[in-house]
Amino acid sequence: MAFFRRASQPDPDVDVEIGSPDRPRTGDTFESVLTQRLARRSFLKGAAASGALVATGGIATGGLLGSASTTAGAAAAGAAEGDMLTFAPLPPGGGQTADRIIVPEGYKSQTLLSWGDSLKAGVPSLDADSARDGYLLTDEAVAHAADQFGYNNDAVELYPLASEDGMEHYVACVNHEYTNEDLLFPDWGNADAYGVEVDGEMEFDATAYVTANPNSARYAWAVHGIAAVEIVRDPSTNEWSYVQDSPYNRRITATTPMTMSGPAIFNDLLKTAADPVGGLEVLGTLNNCAAGDTPWGTYLSAEENVDQYFGNYDAYAESAGADPKVIEAHRRLPLPGGPSYRAWEVVDERFDVALHPTEALRHGWVVEVDPMNPTAPAVKRTALGRFKHECATTIEAENGRCVVYSGDDARFEYVWKFVTAGTVNHDDRSANKDLLDEGTLYVGRFDPDGTGEWLPVVYDENGPLGPENGFHSQSDVLIMARKAGDILGATPMDRPEDVQANPVTRKMYVTLTNNSNRTAEPELGERDGREVQLFPNESNPRHDNDWGQIVEVDEGGDQTSTSFTWEIFLMAGDPRGDGQFLTSLDDIELPLGPNDTYYAGYGDNTELAAFGAPDNIGFDGVGNIWMVTDGGQPVEQNDGCFVAPTEGPTRGFARQFLSTVVDSEVCGAEFAPNFESVFFNIQHPGDGGDLFEPTSAFPAGSKDDGDNYVPRPSLIVVNKADPAADQRIGS
Ligand code: FEO
Ligand code: CA
Ligand code: CA
């Protein structure tokens, strides 16, 4: 079995005293610390290639602070059996509706960082309940927000720091995806106070609200984006904390200056009044959803639903001066015709498409951030294409190239990967600085026979991605990547969310969260600017697909391959519900029914967890898949985390590990490199209500206890309750 080591994993270097690895001494520069870390990494890479670490077991479990020999032996046995999951799962039939985080017996969850927590000396943490008094609309709140933990945290990735104090130290990079204005600002949504008449009815008018309260836009900008925060675990107690004034702490917001790089820059489509060069300086990153980390220790943040922030497209499109090339560039990622949802265009005209028609094209990219260098600008890497990037997860191929997977999260959109032209340099970190600027972007075609092709998304003056279809450069191809995917014949999928390789088996998993627009009969429909077949296909086999599926992709161990085989790993739902419980998908006839389920062929449906809308995934040290959900559930329950082996006799046997609070989604399932802690982001808690009556009081309290606090999106971490127990999560 090929083992792969995450680049961000602390190095299980036997020369380092247990519990006191290489934390920087006072005066060490970030660069010298990196040199220490990378020197170890290159040693490990060689060892992994020779299989030496498989024999010692160091790779599968890390075991930096635990009992390396014990965990390694168990990991090896588990990999052979395919199932080491010994936690006592939550009941399989649902029913978890409490307004609290529930984890199995023997585990504990801790809230580590919440919206408004101060990340800088001299800045106070937010009293979230002050939002009810309109505090967030004050200049002071706006000024502080850019130095506090942001809102609606989605992704989390960990970057180990050296340590000499017996603690585990990491920089955690977290995405702040979007804002729930009705949980932040009084009278947001109140049509009596800020109304406009539409067809005889009064409707809420965001433009009127923002005109009267422009700080609603400025506050939202400050809590969007990315946070980097130093976090610490005390392994003797399993208590976590964050370092409020760490030099690594950093916020990037919707207005932070950054740059663009790669083949798309300098295109007229990226030029604006403020940046006539087209990529020299971009203000901010928007709708940062899931993420990934690179083998050289940087953070890749994925810009997803960026369209929602730009208003007044129709006024531009209908104007005499509208440029047909700009219109075409927006066709497949359409913008709101009138005011945007948050009406930011009232406060900053760059969000007004009628005035700045290309600003939106500078968003929808993958952004690279160096957590070890808090002053380095973030960079939008255009070689990875522009679409609604759900994620940007990486794996280093055997030949040393870095492969980045990304889903385009919309109904009937595509699965993508990018393969760098160069190889990862493990000896000189700075040599990887521009690795993501050169390489080949591919889009996936999933054929009915279980094979597939990665189609190169490359400009060709004599081919379909050339002038005959309106492309005049690779830059055009990347800016209009969805259109290129259409022309190449990529397979329209059911909302591709996380796309991630299993580090143990190196198979790749595509989470397709749901697609209620799949029809029971063949039917063409217009979706996002093009006509598409709405009827199911083999990799998206259910009509009215509310519960989602996960597709397993085998690239034969070579992630740079242009061909692959695929099969459906799991069709979520209620395995004891009114659909068929399938144990084989051979010879199925399309379409399958909305409630048909399939759990990788696992044959006993009595103990399988019912769940729907898998979104993010993670993998533990033996290759079990950890699936977290965002959306409606097939049984009465909150969103949660569900775990299944991917190999062995219990492949597909999904069990519930965590249940979240009311009206929140669960993001992450991100393991610490030693697999002794697992992180989740609890996003938009309580968003079924409003600021004064939210449906969750998390994390300060619980609605079940009668509490009515303003809920705070939070990063939580789950550990074993007993710090003396075997610390590995899941077993
Ligand atoms: Fe931001 Fe597709 O979830
Ligand atoms: Ca997501
Ligand atoms: Ca989501």
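This chain uses plain numbering: 1 for the first residue, then up along the sequence. Remember, it's 1-based here, ligands and their atoms both numbered in the order they're listed.
Summary: OE2 is the N/O/S atom of Glu177 found nearest to atom 1 (Fe) of ligand 1. The closest approach of Glu665 to the Ca ion (ligand 3), by N/O/S atoms, is made by OE1. The closest approach of Glu390 to atom 2 (Fe) of ligand 1, by N/O/S atoms, is made by OE1. Closest to atom 2 (Fe) of ligand 1 among the N, O or S atoms of Asp409 is OD2. Asp615 contributes OD2 as its N, O or S atom closest to the Ca ion (ligand 3).
Here Asp154 fails the criterion, with no N, O or S atom under 2.8 Å of atom 1 (Fe) of ligand 1. Among the backbone and side-chain atoms of Asp630, an N/O/S atom is found under 3.0 Å from the Ca ion (ligand 3).
Atom 2 (Fe) of ligand 1 lies at the vertex of an angle of 140° between the OE1 atom of Glu497 and the OE2 atom of Glu304 (rounded to 10°).
If you run ring-ring contact (aromatic ring centres under 6.0 Å, His included) between Phe642 and each of Phe611, Tyr599, Phe657, only Phe611 comes through. Here the options are Trp626, Phe671, Tyr509, the test is ring-ring contact (aromatic ring centres under 6.0 Å, His included), and the partner is Phe619; only Tyr509 passes. A ring-ring contact (aromatic ring centres under 6.0 Å, His included) with Phe351 is found for one member of Tyr313, Tyr341, Trp344, Tyr309 and no other, namely Trp344.
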- request: Output, in order, the C-alpha distance, side-chain angles, deciding distance and verdict of ring pair (Phe, Tyr, Trp, His ring centres under 6.0 Å) for Trp240 and Phe679.
  value: CA-CA 11 Å; Trp240 283 89; Phe679 293 78; 5.1 Å; yes
message: With ring pair (Phe, Tyr, Trp, His ring centres under 6.0 Å) as the criterion, how do Phe387 and Trp416 come out once you've worked through the C-alpha distance, each side chain's angles and the decisive distance to 0.1 Å?
response: CA-CA 10 Å; Phe387 46 90; Trp416 302 78; 4.6 Å; yes
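Between Lys388 and Asp409 no salt bridge is recorded (no basic side-chain N to carboxylate O distance below 4.0 Å).
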